[in-house]
Engineer: 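Mind having a look at this structure? Questions to follow.
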Amino acid sequence: MLSKVLVANRGEIAARIIRTCAELGIATVAVHSEPDKNALHVRLADEAIALAGDRAGETYLNQQALIEACRASGADAIHPGYGFLAENATFAALVEENGLIFIGPSSAAIGQLGDKVRARALAIAAGVPVVPGSKCRVNTMQDVLGFGADHGWPVAIKAVHGGGGRGMRVVHSDDDVGGLLESAKAEAKGAFGNDEMYLERYLDRARHVEVQIFADRFGNTVWLGDRDCSVQRLHQKLIEEAPAPDLSDELRRQMGEASVRLARQVSYVGAGTVEYLVHDGEFFFLEVNTRIQVEHPVTEMVLGVDLVREQLLVAGGAKIAWQSGAAPRGHAIECRVNAEDPSKGFHPKPGRIELLQLPWRPGIRFDFGYESGDTVPPFYDSLVGKVIAWGPSRELALTRLAEALKAMVITGVPTTIPVVCQALKHGEMRAGPVHTRWLEAHLDDLVTAIPMRDNKDDKVVSAKPKYVPTEVWIGNRRYLIPPAPPRMDGQPAGRRSSSAAVQGRRAELGQSGGKVVSPIHGVVLDIAVHVGQKVSEGERLLTVEAMKMENIVSAPCAGVVDDVLVAVKSSVAADQHLITINPSVPVA
Amino acid sequence: MNSAIEISKTARIDSASVQERIELIAEMRSKTFDDARPQATSKQHGLGKLTARERIGYLVDEGSFTEFGGLVAPGQAQAGSQNSPAPADGLVTGTAWVDGRPVVVASFDFTVMGGSNGVINTRKLERCRERALNDRSPLIILQDGGGHRVQEGLDSRHFASGAIGFQQMCDLSGLVPVVTAILGPGFAAPTNIAALCDFVVMVRGLSTMGIAGPAIVEAATGEKLTKEQIGGADVQTSNGLADLATDTEHEALDALRVYLSYLPSHAQAAPLHMPGPYQVAPIAKRVNNLVPTDSRHAYDVRDVIESIADLDSICEIKPMHARNIVTSLVRIGGRPVGVVANQPMFLGGAMDSPACEKAAHFIALCDAYGIALLFLVDVPGFLAGAGAESTQLGRRSGRLLYELGIATVPRFTVVLRKGYGGGYFAMGGGRSFGADLCVAWPTAEICAMPIEGAIEVAYRRDIDASADPSARRAELLAAFRRNVSPLSAADGFGIDDVIEPAATRDVLLSALSRVQLRRPPRVPGKLRSISPI
């Protein structure tokens, strides 16, 4: 049994782990960055240790500092949560070397499964079906073209050490290849410190189904049901459910057993998730996540298991008491609540949560990392919390989630709740499982359908097409025309389709003339241009990373770069002037 | 009546059933549409222009246009002349909605005898003005060509009556917004009409305006000039004849919408309120440092406006004319406000005749439509010199004082820096015109005239008589300098307060929220005041 656990994470998962430790009588140590010094996980833990700095690299990713924090606090184990160092084999090895317990699989297992190409080879060896794909790494565009010709388009370029869709590009045809490999490599390098890439066949309209696995140190390896996480935006999951709807029992069993076989290949210990694409009744191995998943609560809700508790017990030397293929009870759906603005391209919007009211009610669970008055800092991911609904049927679970979201109050930061509400209402979503491109295909419609709120009393005033200002551009200036009152004859007031000029200008929003400003508060990841360089309209100028999302800033007009006012790695504020382009200089 | 069309129309109606008559009327109507006139339409497109109907289609809310007078035929041609077929008599007229509010719209059709003013389309335009008057709806006139229709006009019998159009324009002035876009040749008649409109837009490379075009100019003065040189969009917006020049027709039509969006539909109505939340431009973060303390250093007062107004709410009126003063319609907290600001980037912000006229006209506009006024003051005074005198600056500046004096809308004054002499009064400084709020920034220097100059004028003998004139001059300068500061302005209660620039927006929001929308007339019973001009 563990006596003291250091939680090397923040936000909702840190709070979740700390609370479960308390249930087991395990003492907890929180670590925190400077901006997180008053965060919820710090308030909940028995002890807290400050890590100097604000960015993840200096704090939650600082391996040495975490080991030292363990020593200083006398913790005997580290729970890495998800993200940060959860799937870092080097860190797991460092923990092991220091005689501490890493709550998760061995560093060797992480190393083998974390390398996508090796994981794929292991899957093949274990008889797990894989997506047709290259067994070797890819270096040149020629490799991509050859692969597309052999296995058909579209083709996914993926980072060997990647995850969560970062460093991934989908190439739809051989016309489409230009620059994508390079940009995927650059992104992978920035995000994972390694730009090795591999290829695989990209399955269109497939579902994302994953299997929860669990293993103890005594060779007991089980699978604990499945989850469907097909509602994704840019490969980031937004809504997850368990069990995955509309799968035959046979397919479920096959996937479960395949997952267990794969886990046994590496003597897996602890909680893990094997991700698959399901396409026309077939399943294809994607990757293994060697950690607790964000969406683990949906499995817990339908099986009655506490996965974090099991993690802690197994790490402490206990055997697992669960059998493979436990039958789910009812249905559970989770949605993520991210501090992002759906009306502005899902830009992360860090800030102070003025008010957070969670409408507790039967069948609803909230896993949140913040309370009213807490601040979502700009340095980490934008996940504020998760709302999980359970119901005896999928339909009731959906309804409960929708009703809970409606009753939820969160002010101060915009969230993804409105778009989730619209998605939950959608006929196709209600009818059954959707595919992984569904959300992106319907996103514009869902966002447009979001009712506008009056910010004063938060009352819904009207639907979007009626009561929002109309945008007009004249020259380089943007103007807004106020909405008009309703017409007596019942005809819609102010109905007009926006002009082509407006459509074009929208893309340049926030950038007037040759002055290029940062769309967001973040860190400059790279700068693609230098002073004196000619750029064409729409050309990428630099990338600003904010809350794990990269925001490409492109040229609002053709011209010559007059001035670059920021450097790589510098912090920039929203609307900060980054680059000046002189549009008067003709570009040949 | 003229032409065979009329005869056949009548003949076919006579023998038709009701259903056939309905169809025949629809057919007659459709003949006036662009599709039924491919030659005329492609000719107009060939000139790089939209047709009269396409312009209305772009301007108004989808499906909201109700035409009247679409079935008219032209007036009788005088002896010896013959009228061509004239769909809608070259003027498409009707009611419509623009951004959700009713308007009356008239669009001249250049493909019908050059957009000329015939007997019937003149009556149609009169009908438009009558509708605008009685419906209390803004009137939008889209002009393209014009002038008397020669085929009908060389005839005393009809021309001796004159026309009530200009009388109607005066009736509408200040009652409903009257705006025009000049979308083609606009010398003579269109210019006369535009002069009585509140807001005039032109398109670069497409529009001309002026009293007379190249042919008449050459005949009168011998000058060989192109129509662009005499009256192109950039020329006439710089002259102040038109308010705004745009690059495209679409932008010109959008500009009319933008302008109207700040104004109520008529003088007694409230303007539309922009719903929140409200943002300000990023430059607002620098507002405390926008105005240099050294009064020799220029800055762009439009940055100050940007830092006070709601984001994307600024519509500058006459941006290319009299650039030493900026007049902009803006919104603060969603409410329209008219800003008059001295612009130190041009003439050091000194006020000459064009600046006074521009500001005076703008104040009249805001006063007519109940728009509160905000004065941003950094004025070294009225422009001195024989050149300035030759423009009647005394009277022109008087017109500005006059407009302020008769205005009944709330007004706020913020002294950014210089508030010198009569210019300070003309910008609503201190208690001059009962400002509802008069505040100064820490950079303010308010005084009867610049100290250096004043000393030379008033203390010349004192300085000359002293043993060390330059020491005496410096001594006097230092003594008076101590008197000129925002604190001493506050000390004498000439202003309400000295505020931090960053607080200006909030102070104005608060003031806007408390003031009455109109003041009662100062001198009840008076029939009218008399403008110095």
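Every chain is numbered from 1, with letters handed out A, B, ... down the list of sequences.
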Engineer: For A/Asp444, I'd like to know if atom CG has over 12 heavy atoms of other residues, nucleotides or ligands within 6.0 Å.
Structural biologist: no
Engineer: Could you tell me which portion of B/Ile314 (side chain, backbone, both or neither) has an atom closer than 4.5 angstrom to a non-hydrogen atom of chain A?
Structural biologist: both
Engineer: For B/Val258 versus A/Ile481, what's the shortest heavy-atom pair and its separation?
Structural biologist: N-CD1, 4.0 Å
Engineer: Thinking salt bridges, do A/Arg477 and B/Glu306 make one under a 4.0 Å N-O criterion?
Structural biologist: yes
Engineer: For A/Ala484 and B/Arg101, which heavy atoms make the closest approach, and how far apart are they?
Structural biologist: CB-CG, 4.1 Å
Engineer: Just wondering, are more than 12 heavy atoms of other shown residues or ligands nearer than 6.0 Å to CD in A/Glu354?
Structural biologist: yes
Engineer: If I compare all heavy atoms of B/His273 with all of A/Pro482, which pair ends up nearest, and what's the gap?
Structural biologist: O-CB, 3.8 Å
Engineer: Side chains of A/Thr470 and B/Arg257: does their closest heavy-atom pair fall under 4.5 Å?
Structural biologist: yes
Engineer: Do you know which two heavy atoms are closest between A/Ile474 and B/Asp254, and how far apart they sit?
Structural biologist: CD1-C, 4.0 Å
Engineer: Heavy-atom pairs under 4.5 Å with chain A are the metric here; pick the option from B/Cys315, B/Ser313, B/Gly334 that has the most.
Structural biologist: B/Cys315
Engineer: Show every side chain to side chain donor-acceptor pair (under 3.5 Å) that has at least one partner inside residues 327-341 of chain B, sequence neighbours left out.
Structural biologist: B/Ser261-B/Arg331
Engineer: Near B/Lys285 NZ, under 6.0 Å, is it more than 12 heavy atoms from other residues, nucleotides or ligands?
Structural biologist: yes
Engineer: Is there a side-chain contact between B/Tyr262 and A/Tyr479, using heavy atoms and a 4.5 Å cut-off?
Structural biologist: yes
Engineer: Using a cut-off of 6.0 Å, state whether more than 12 heavy atoms not belonging to A/Arg352 lie near its atom CZ.
Structural biologist: yes
